[in-house]
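Numbers here are sequence positions counted from 1. Everything quoted here is computed from the prediction, not taken from an experiment.
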Amino acid sequence: MSRFIIEGNQILSGEIFVAGNKNAALPIIAATVLTDETCVIENLPNISDVQSMLAMLGDLGKSVQMLSSHKCQISGSIGKSRLNDEFASTLRASILYLSVLLARTGEVEMVPPGGCVIGRRKVDQHFDALQALGVKVNIIDHGYQLTLKRPKANYVFMREASVTATENAMMLAAVIDGQTMLDNAAGEPHVQDLAEVLVKMGAKIQGAGTNRMTITGTKRLKGFQHRIMPDHIEAGTFAIAAACSGGEVVIHEAERPNLTIVNLILGQMGVKLSYHDEKTMVIKPTKNLVAIPKVQVGVWPGFPTDLMSPMVVLATQTKGITLCHDWMYESRMFFVDKLVTMGAQIVQCDPHRVLVSGPTRLKGQPIVSPDIRAGIALVIAALIARGKSKIEKAELIDRGYEDIVPRFRMLGAHISREQ
């Protein structure tokens, strides 16, 4: 267990580089199960969720060699079809091993996946998609048992545009002869990154990035070398932190096409944002932030749910009232009580909506991080608050953000870690 110690009332300034995309890295790591050939993955974010995903891969029998802190080589075959219970129960992304293990062994057993507690994240949509491709699902004591004897290419309608369910369906379809269509599929940038990897492995994919994707599979997939795309969620997080502090920050690898809705909303709030090129964002000092009537998450290319928690903090610094609405997760907003103890004026309307009035001067407090995204939001709040804050369970934030202490220090933050 560890905590962050933060002296607030600091103006961030300087330059920072965005790390590799966590949500792209996790399914791409799982995809290496689909081949025995060597796979090299570059620009891996050095975070605990990636480390856990690689550890699960090693436990399955794969050879995992770290060539550097951000590059690994994976080779060899798997030796079993049951996921390690401890890993699976603590990492939501463990569910991405369902499709690849089915593709290689025809069966898989696992306990229900764990992860951050931000609401009910059902596995039904995963099972629906896999069943359409020939998988049989049995609910057993303490988990699931899935078998695949007669895989079939098929039309698959996703009841929800679930990212991980789309990725599971993509990876299984990639090894099934024939053409599979995924309708109402997720189109996020990290889904597109996985599609690029599967194409390198030998599958044919059309429509990645849209809600209708066709995949022509092949039974034998090849190894690959791939560089993980930059994390647009992290880029948005740093942009919000800079805007809250009133400083000037240059954010490298902030790919403009993947931040369209984020840039639009920040601009409407009065944030002075520009680009040197398509990958270099500049946040200029902004003194008069203004509220907008509503910020609501949406499926891609809508506002990402993973940026809603930091956006609530930004709303506390704007003049007026903003309704923040996250319909995806019913526990996403439960962290706002911690912002209220710091002086924020927030009314929770229901599990999905909060009304934020600003601007308010926050004050440092001892608080506990409930999940990755709320945790980084609380870090931002502590950076701009008067006085000292202690944020417990810093290791939760480590799951999604690499080396956050030294990187914020480079921007002038007074932040340290304490065991």
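Salt bridge status for E42 with K71: present, with a side-chain N to carboxylate O gap under 4.0 Å. Taking a cutoff of 4.0 Å between a charged side-chain nitrogen and a carboxylate oxygen, R3 and E395 do not qualify as a salt bridge. Salt bridge absent: D403 and R409 never bring a charged side-chain N and a carboxylate O closer than 4.0 Å. Salt-bridge annotation for D128 and R159: present, with a side-chain N of the basic residue lying under 4.0 Å from a carboxylate O of the acidic one. For K222 and D36, the salt-bridge test fails: no basic side-chain N is under 4.0 Å from an acidic carboxylate O.
Around the CG atom of D350, the shell of radius 6.0 Å holds more than 12 heavy atoms that belong to other residues, nucleotides or ligands. Within a 6.0 Å sphere centred on CD1 of I5, other residues, nucleotides and ligands contribute more than 12 heavy atoms. By the neighbour-count criterion of 12 heavy atoms within 6.0 Å, atom CE of M181 is densely surrounded, having more than that number from other residues, nucleotides or ligands. Open room surrounds CD on Q206; 12 or fewer heavy atoms of other groups in view lie less than 6.0 Å from it. The local environment of CD in E418 is crowded, with over 12 non-hydrogen atoms from other residues, nucleotides or ligands closer than 6.0 Å. The environment of NZ in K279 is sparse: at most 12 heavy-atom neighbours from other residues, nucleotides or ligands sit within 6.0 Å.
Not less than 6.0 angstrom separates the ring centroid of F238 from the ring centroid of Y401.
Among residues two or more places apart in sequence or in another chain, the side chain to side chain donor-acceptor pair (under 3.5 Å) test is passed with E109 by R82, Q145. The ring-ring contact (aromatic ring centres under 6.0 Å, His included) test applied to F303 returns no partner, not counting sequence neighbours. In terms of the side chain to side chain donor-acceptor pair (under 3.5 Å) criterion, residue partners of N258 (sequence neighbours excluded) are, by chain and number, E255.
Partner D398 forms a side chain to side chain contact (heavy atoms under 4.5 Å, CB included) with one of Q51, K393, R417 and no other, that one being R417. Partner of V137 under the side chain to side chain contact (heavy atoms under 4.5 Å, CB included) criterion, out of L98, L146, L130, D124: L146 alone.
Looking at T35, its side chain never comes within 3.5 Å of a backbone N or O of T32 through a donor-acceptor pair. T218 places no side-chain N or O within 3.5 Å of a backbone atom of A203 that could act as its donor or acceptor partner. Side chain of T216 to main chain of G178: no donor-acceptor pair is present (N/O by atom type, distance under 3.5 Å, no hydrogens or angles). When atom types are taken as modelled, the side chain of D59 and the backbone of A55 share no donor-acceptor pair closer than 3.5 angstrom.
In this structure, the side chains of I215 and Q179 stay at 4.5 Å or more apart for every pair of heavy atoms. Annotation: side chain of V368 is not in contact with side chain of K390 (no heavy-atom distance under 4.5 Å).
Nearest heavy-atom pair, D326 versus M333, reported as atom, atom and distance to 0.1 Å: N-CE, 3.9 Å.
Rounding to the nearest 0.5 angstrom, the gap separating the OG1 atom in T180 from the CD1 atom in I205 is 10.5 Å.
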